[in-house]
Participant: 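Encoded as structure tokens, here's the structure I'll be asking about.
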2 protein chains.
Amino acid sequence: MGVVDRKEREKVEMKRQILDAARRLFLEQGFEKTSIRNIAEVIEYSAGTIYLYFKDKNEILFALHVEAFGALTQAMQAGIISKTDPFERLVALGKHYLKYAFENPELYDLMFVMTAPIETLECREEIWCDGERAFDTLKFVVEDCMKAGYFAGEDSESISVMMWSLVHGLATLHLRRRTMIFPEERRIKILENAYAKFTEMIHNYKK
Amino acid sequence: MGVVDRKEREKVEMKRQILDAARRLFLEQGFEKTSIRNIAEVIEYSAGTIYLYFKDKNEILFALHVEAFGALTQAMQAGIISKTDPFERLVALGKHYLKYAFENPELYDLMFVMTAPIETLECREEIWCDGERAFDTLKFVVEDCMKAGYFAGEDSESISVMMWSLVHGLATLHLRRRTMIFPEERRIKILENAYAKFTEMIHNYKK
DNA sequence: AAATAAAATGAACACTGTTCATAAAAACAA
DNA sequence: TTGTTTTTATGAACAGTGTTCATTTTATTT
């Protein structure tokens, strides 16, 4: 039957519409302040209809979570292929990670800061798989650096966690407005300097 | 009039009761999931009464914010006085900062992650003063290290932001459960290793 | 004891996420 | 085409939210 196929397509199409509306609203006004009724209004359906396509509000967030990680993975790959030298690659990887975070603040939030969805999806393996894959990408680049003579005698995991924490720290301090203690025109520069200093330090490090 | 004095004391006492109840509930179930009615129930008053002592829910959060920063300042001071050598001081400062974050997850959230209150209190100077003071403490210790020959030729601000970002990154990745990609029994060790590696690197760094 | 001032209440408002009986639309069978 | 069944959509209802405010209760002053 071609009908069942079309129905399937329509279902997917409807989910897309909901997700697009939800993403837009989440980006504009945040997760908490966006109501199911808001989303329904945008796509011109009743609130109840949303629940025919997604179990609850968190399920919508989860779907966006998957998409967001897809985009981050792409951004990270772009960083990797932009350089050939292993260490330059690592630096570029961090830069692209930060770029992604700054350009997609709400999505970054959703991936690495939000707790709301996590409680509900604690048992959900896929969530962690995405994060794990991203971390493994970082670790892989770090190990490449080690093969090229960097971080001699260190373990790649510690170096990777250190690197991740630093860029995540820079990203969240800024996204959550904690760089407000600095004058506005210098904020970005200050973050860039901190990252530059960090990469310089780990570059020149000898035991 | 002694009466007006007593009234003043009672007002303070009532505020204390509200704040204590609110802190407990925020710590237990988070800010969003705690309602004014919940707080009122704990102190055995009606919901409306809360609004005679605090303008709104955010005002309660703000009061706790001030308290939380007081406690962090204390924790940082404890780190500083625990050592005499400048660099050991810096390391201890970071350790005590992390300790505070792990022991007071919701308060740490409130200070460095939450966005909800910040929107409302954007214009509020006091908020940023507290954060600025904490950052200045860090910068001061970094500058002491420089006087002792560390970080030659660097500027203390970049080094301080780098340090802050790293510990903040470690703290938030863990508090927001993103270390779940690692096996449970190794999580803390992994964070400690990353911090140890970082301090080691900035310790041995020569331009 | 009466008048005044302060404090506490609880109903009301407009909102939230979610459910579910009902109604409309679409697909299939005769 | 008509009647039946399945799918999809609706909107009222529920229990909750933050917040306001007229009303009542309590405390103080005259």
Participant: Kindly write out the residues that satisfy side-chain hydrogen bond (donor to acceptor under 3.5 Å, both in side chains) with B:Glu28, not counting sequence neighbours, or none if the list is empty.
Facilitator: B:Arg24
Participant: Just distance, no hydrogens or angles: give the donor-acceptor pairs under 3.5 Å from side chains in residues 40-47 of chain A, sequence neighbours left out.
Facilitator:
| from | atom 1 | to | atom 2 | distance (Å) |
| --- | --- | --- | --- | --- |
| A:Ser46 | OG | A:Thr49 | OG1 | 3.1 |

Participant: I'd like to check the ring pair (Phe, Tyr, Trp, His ring centres under 6.0 Å) partners of A:Phe87; sequence neighbours left out, ordered by chain and number.
Facilitator: A:Tyr150, A:His203
Participant: Hey, can you pull the residues of residues 9-21 of chain A with a non-hydrogen atom under 4.0 angstrom from DNA chain D?
Facilitator: none
Participant: Do NZ/NE/NH1/NH2 and the carboxylate oxygens of B:Arg89 and B:Asp85 come within less than 4.0 Å?
Facilitator: no
Participant: Just jot down the side-chain hydrogen bond (donor to acceptor under 3.5 Å, both in side chains) partners of A:Ser35, sequence neighbours excluded, or say none.
Facilitator: A:Asn38
Participant: Expected output is a numbered-order residue list: members of residues 39-47 of chain B with a heavy atom under 4.0 Å from any atom of DNA chain C. What is it?
Facilitator: B:Tyr45, B:Ser46
Participant: Which is true for A:Phe54 with a 4.0 Å heavy-atom rule: it touches a base, it touches only sugar-phosphate, or it touches nothing?
Facilitator: nothing
Participant: Partners of A:Tyr53 by ring pair (Phe, Tyr, Trp, His ring centres under 6.0 Å), sequence neighbours excluded?
Facilitator: none
Participant: Table please: side-chain donor-acceptor pairs of residues 157-174 of chain A below 3.5 Å, with sequence neighbours left out.
Facilitator:
| from | atom 1 | to | atom 2 | distance (Å) |
| --- | --- | --- | --- | --- |
| A:Glu157 | OE1 | B:Arg186 | NH2 | 2.3 |
| A:Glu157 | OE2 | B:Arg186 | NH2 | 3.3 |
| A:Ser158 | OG | A:Asp155 | OD1 | 2.9 |
| A:Ser158 | OG | A:Asp155 | OD2 | 3.3 |
| A:Ser160 | OG | A:Ser156 | O | 2.7 |
| A:Trp164 | NE1 | A:Tyr97 | OH | 3.1 |
| A:Ser165 | OG | A:Val161 | O | 2.9 |
| A:His168 | ND1 | A:Tyr108 | OH | 2.7 |
| A:His168 | NE2 | B:Thr172 | OG1 | 3.0 |
| A:Thr172 | OG1 | A:His168 | O | 2.8 |
| A:Thr172 | OG1 | A:Gly169 | O | 3.3 |
| A:Thr172 | OG1 | B:His168 | NE2 | 3.0 |
| A:His174 | ND1 | A:Thr179 | OG1 | 2.9 |

Participant: Test of understanding: with side-chain hydrogen bond (donor to acceptor under 3.5 Å, both in side chains), list the residues that count as partners of B:Glu10, not counting sequence neighbours.
Facilitator: B:Arg6
Participant: Just the atom pairs and distances: protein N or O near nucleotides 15-17 of chain D's N or O, under 3.5 Å.
Facilitator:
| from | atom 1 | to | atom 2 | distance (Å) |
| --- | --- | --- | --- | --- |
| D:dT17 | OP1 | B:Ser35 | OG | 2.9 |

Participant: Among pairs that include at least one residue of residues 7-30 of chain B, which meet ring-ring contact (aromatic ring centres under 6.0 Å, His included), considering only residues two or more places apart or in two chains?
Facilitator: B:Phe26-B:Phe31
Participant: Can you name the side-chain hydrogen bond (donor to acceptor under 3.5 Å, both in side chains) partners of B:Thr137, sequence neighbours left out?
Facilitator: none
